[in-house]
Amino acid sequence: MRRLLRVIIASGIALATALLVVAGTGIFVVRHSIPSYDGTVELPGLDADVEVVRDANGIPQIYADKPGDLFAAQGYVAAQDRFFEMDFRRHVTSGRLAELFGKDALETDKFVRTMGWRRVAEKELGLLSPSTRQYLDDYARGVNTYLDQHSGSGLSLEYAVLSLKGTEYHPEPWTAADSLAWLKAMAWDLGGNMDEEITRTKLAATQSARSINSLYPAYPYDRNEPILPTGSVAADGKFTSASPDNQARRPMLTKDFLKSLDTVDKVAKGLPELLGRGDGIGSNSWVVSGEHTTSGKPLLANDPHLGATMPGIWTQVGLHCNKFNPQCPFDVSGFSFSGLPGVVIGHNSAISWGFTNLNPDVMDLYLERLDGNGALYNGKIEPLKMRTETFKVAGQKQDEKIIVRETRHGPLISDVGADEKQTGELAAKGKSPVPYGVALRWTALTPGRTADALFAIDRAQSWAAFRTAASMFEVPSQNLVYADREGHIGYQAPGRVPIRRAGNTGNMPVPGWDPKYEWTSYIPFEAMPTEFDPADGIIVTANQAVVPKSYKYQLTNEWDYGYRSQQILDRIRAAGKLDVNSMAAIQLDTKNRNAEMLVPYLLRIGITDSFDKQGQDILRGWDFTQPADSAPAAYFNVVWRNLLSLTFHDQLPESAWPDGGSRWFEVMRNLVVQPNNGWWDDLGTPQRETRDDILREALVNARAEITTKMAREPSNWQWGRLHKLTLTNQTLGKSGIGLVDKLFNRGPYELGGGSSTVDATGWDASKGYTVTATPSMRMVVDLSDFDKSRWINLTGVSGHAFSSNYTDQTDLWVKGQTLPWAFTKGAVESTRKHTLTLTKPGS
């Protein structure tokens, strides 16, 4: 993203921004966009007045007589708080970043436009129920009313900064498709293994199948329980709670094929950062029945782990019909995305729900054999679908164009990043510049009804209604946990998951010309894993395996390896009776189960030098927890990073270097019992190293590194001094100009936790110790009394850099604290700080 801002920087933005901030008008400019949360505002199309009540944290609770008024008000409120974020998101999802940031954004735009996220979103509009379509239009009406009343720096400070480069930009009206397109972005973040397919394929060029398989170990069912310990598909096709093939297949490693994969890899890896994705993506959720709680009613917890952004990816909201009835069936509160109406995760007056990523294998890469503007399939040449995409570019008078080509399997994403001009010219002439291309088949590129599912969940009052809603939830596939006020708990895996004719073929690219590798259908919803009121009263989902090996269909081989989920399960079983506070305490658990396994091996290594031995000695007696002030955690994680580097960097390409997450926990667990395994050998030395040689070197190197980075005395080491989070604005916060960055960014914050701990503050061991992903919010819902529930957001509800609600929840989040979650009218009244009345014109 930093490259996207070079044009702006060259235009003197740093100087201009400095003048704005220090000049007498600067205070006006930086605060101009901060909205008023009080007073009366006209909103066309309302049937009756709508009241927006906010607490001290600016969290809105919206009260209306009809759904149309409710969602129009939500759109107005979202635009008040987060319009620049909404506008940025729709530019990402429609492949139009270059309109804001110039030519350096084109490569990202071309990739998104080639996949066609916005085109798919527009097609989905016709599939939705009339009520959902109306809610989306009502929301857009509210957003557009705010746009009619505000512009430029009055919308957001970012627009004032962008205008300094001399480009006139006026946001166009919001549309229903803008809201739907963001679901494609979340599906990209949460729904595919494309990067692993590419990595495995590249490894196959240099590594044996046995070596590759050792880097992708099987799920440890004997140690870490799946979500549903029993389960299969019965004769009637329904799931009943009564061996995936993990062998690496050697693909067609032609020079052209590998070149195409390099192109795909390059452009794809630039995209997740824009969407807030980071290393360590995952989530925790769990639900316990009343037999495990002090109240006798269920408790439900959820904390999705996503890339840390500024503002945070979630916004909090309550949506309340003044009279709850079939004509106005919403009384719901929770977390949503700015730009999307409704509530995504939370509770209504009867039920609560949470999400974690199922991470099914819903993406396949197809190697296509091209012939002009055709592709070989089953012995015949099939014509490619072709369309022209046009890009407006800030600072450039002439538009740019590409030709997008699609096979029967999907868009040729390998065309992006190549010489698009040559590709387009040859495509227009019916020729192909290369004999091979790479096409992406992905469930999210087929229009679906996930938006219907979200509103149906918001309305659901029972397990049956919740499951009916889940049946429409197509992408991204999630683990849904459920609890209701009647005392029931449940689990449902929804989503569109392909069944492949050749079985488990999703680990590496497959030949697109062979019908053997087609998708034949999708796993029927009735056969998807589900459970209702389990005997032990506990359901834990933390991205671990969902089902045992007995399950008929293949969901994925990309499970998290279950270190977080098993720690949560062990904590629940040992806890006795739980309340909201004890559930929240489990969310903050920092135990490193990888350290628990590895430290005994480290302590057996003989070290004679007293200076080096000080580091090793600090691990003795450690309880393996990782609070921010922990010296053993600081040293262990430096050892861990050095150990991964010494073991694997000499034998793997940089793109495959270990990130240090749960897969690498499992790889190392298997490797340490093989002291003479070839991975231990350093290929850069004449001698052959063994396990203990590498462990010793990692201990010694870590002692030197932590001394340089922090202090000589181990008593002064602290994990949080290495493991820091900076909340970074996704656009101007990445300018590389200190003054501009400080306007929009916040931090750094010193954090505990780590990758694959329950308090999942992820970091990438191939790059450093900086936090890349976090619990993006935390919530605990008390089904005995919703007003006893607790919630916290990573940042605040506001996207305005100088608002008091920009990061007012962050300090609490860092400390592991939460806010009271007012739900009933009386509880909301007791926290009322602001009241905005939306009224129809002329009333």
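In this chain, residues are counted from 1 in sequence order. Note that the structure is a prediction, hence the values are computed from the model and not measured.
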### Task
Determine the minimum heavy-atom distance between V497 and P360, stating which atoms define it.
CG2-CB, 3.9 Å

### Query
Q687 and D693: side-chain donor and acceptor closer than 3.5 Å?
no

#### Entry: Pairs flagged by salt bridge (charged side-chain N to carboxylate O under 4.0 Å, His left out) wherever residues 589-607 is involved - sequence neighbours left out
D570-R593, R571-D589, K591-E596

### Which residues share a side-chain contact (heavy atoms from CB on, under 4.5 Å) with A631, sequence neighbours left out
I618, W717

### Message
Could you report the tightest heavy-atom contact between R564 and G282, atom names first, then the distance?
### Response
NH2-CA, 4.3 Å

### Query
Below 4.5 Å, heavy atoms only, C-beta onward: do L203 and M508 meet side chain to side chain?
no

### Message
Quick check: do V667 and P217 have side-chain heavy atoms less than 4.5 Å from each other?
### Response
yes

### Task
Using atom types as modelled and distance alone, determine if a side-chain donor or acceptor of Q651 lies under 3.5 Å from a backbone N or O of G678.
yes

## Note on the structure
Taken in chain and number order and not counting sequence neighbours, the residues that satisfy side-chain contact (heavy atoms from CB on, under 4.5 Å) with P675 are R691

### Task
Measure the shortest side-chain to side-chain distance between D303 and V758 over non-hydrogen atoms and say whether it is less than 4.5 angstrom.
no

### Message
Restricting to side-chain contact (heavy atoms from CB on, under 4.5 Å), what partner residues turn up for K552, sequence neighbours left out?
### Response
V233

### Summary
With D612 as partner, the option from N701, V700, L699 fulfilling side chain to side chain contact (heavy atoms under 4.5 Å, CB included) is V700

### Query
Distance-only, no hydrogens or angles: does the N224 side chain make a donor-acceptor pair with backbone N or O of Q566 under 3.5 Å?
no

### Message
W559 vs Q544, test: side chain to side chain contact (heavy atoms under 4.5 Å, CB included). Steps then yes/no.
### Response
CA-CA 5 Å; W559 311 119; Q544 80 273 35; 5.8 Å; no

### Task
Report the C-alpha separation of T556 and V546 in whole Å, then their side-chain angles, then the decisive distance to 0.1 Å, and conclude whether the side chain to side chain contact (heavy atoms under 4.5 Å, CB included) test is met.
CA-CA 10 Å; T556 184; V546 174; over 6 Å; no

### Task
Looking only at non-hydrogen atoms, find the nearest pair between Q587 and A301 and report the distance.
NE2-CB, 3.8 Å

### Whether Y553 side chain and P498 backbone form a donor-acceptor pair below 3.5 Å
no

### Query
Considering only heavy atoms from C-beta outward, does the side chain of W813 approach that of T774 to under 4.5 Å?
yes

### Query
Can you name the side-chain hydrogen bond (donor to acceptor under 3.5 Å, both in side chains) partners of T685, sequence neighbours left out?
E689

### Summary
Applying side-chain hydrogen bond (donor to acceptor under 3.5 Å, both in side chains) to N479 and not counting sequence neighbours gives T356, Y491

#### Entry: Check: Q626 main-chain N/O paired with S630 side-chain donor or acceptor under 3.5 Å
no

#### Entry: Under 3.5 Å donor-acceptor, Y517 side chain and Y366 backbone
no

### Donor-acceptor side-chain pairing of Q478 and N357 below 3.5 angstrom
yes

### Task
State, yes or no, whether a side-chain contact exists between S565 and T541 at a heavy-atom distance under 4.5 Å.
no

### Message
I'd like to know if the side chain of R688 and the backbone of D681 have a donor-acceptor N/O pair within less than 3.5 Å.
### Response
no

## Note on the structure
Of all heavy-atom pairs linking R663 and L215, the shortest is NH1-O, 2.5 Å

### Query
If every non-hydrogen atom of M528 is compared with every non-hydrogen atom of L358, which pair is closest and at what distance?
CE-CD2, 4.4 Å

### Query
Looking only at atom types and distance, does a side-chain atom of T726 sit under 3.5 Å from a main-chain N or O of G747, one as donor and one as acceptor?
no

### Aromatic ring proximity, centroids under 6.0 angstrom, W763 and W719
yes

### Validation row: L671, T647 side chains within 4.5 angstrom (heavy atoms)
yes

### E558 and N359: side chain donor to acceptor below 3.5 Å
no

### Message
Between T625 and D623, do the side chains contain a donor N or O and an acceptor N or O under 3.5 Å apart?
### Response
yes

### Task
Check side-chain hydrogen bond (donor to acceptor under 3.5 Å, both in side chains) between T707 and all other residues, then give those that pass, not counting sequence neighbours.
R703

### Task
Write out all pairs satisfying ring pair (Phe, Tyr, Trp, His ring centres under 6.0 Å) with one or both partners inside residues 674-715, taking only residues at least two apart or from two chains.
F648-W679

#### Entry: Salt-bridge criterion met for R501 and D514 (N-O under 4.0 Å)
no

### Task
For T761, enumerate each residue passing the side-chain hydrogen bond (donor to acceptor under 3.5 Å, both in side chains) test, keeping only those at least two apart in sequence or located in another chain.
H723

### Query
Where the side chain of H292 meets the backbone of D536, is there a donor-acceptor pair that is under 3.5 Å apart?
yes

### Close side-chain approach of M597 and N594, heavy atoms under 4.5 Å
yes

### Query
E531 side chain to G231 main-chain N or O, any donor-acceptor pair under 3.5 Å?
no

### Task
Would you indicate whether the side-chain heavy atoms of W286 and I538 approach each other to under 4.5 Å?
no

### Listed once per pair and sorted, the ring pair (Phe, Tyr, Trp, His ring centres under 6.0 Å) pairs that draw on residues 587-617, sequence neighbours left out
none

### Query
Any luck finding a side-chain donor-acceptor pair between E666 and Y563 under 3.5 Å?
yes

### Query
Just by distance, do the side chain of T770 and the backbone of G768 share a donor-acceptor pair under 3.5 Å?
no

### Task
Heavy atoms only: give me the nearest W657-L652 pair and the separation to one decimal.
NE1-O, 3.1 Å

## Note on the structure
Sequence neighbours excluded, the answer for side-chain contact (heavy atoms from CB on, under 4.5 Å) partners of S645 is H649

### Task
Name all residues meeting the ring pair (Phe, Tyr, Trp, His ring centres under 6.0 Å) criterion together with W640; count only those two or more places apart in sequence or in a different chain, and write none if there are none.
F665

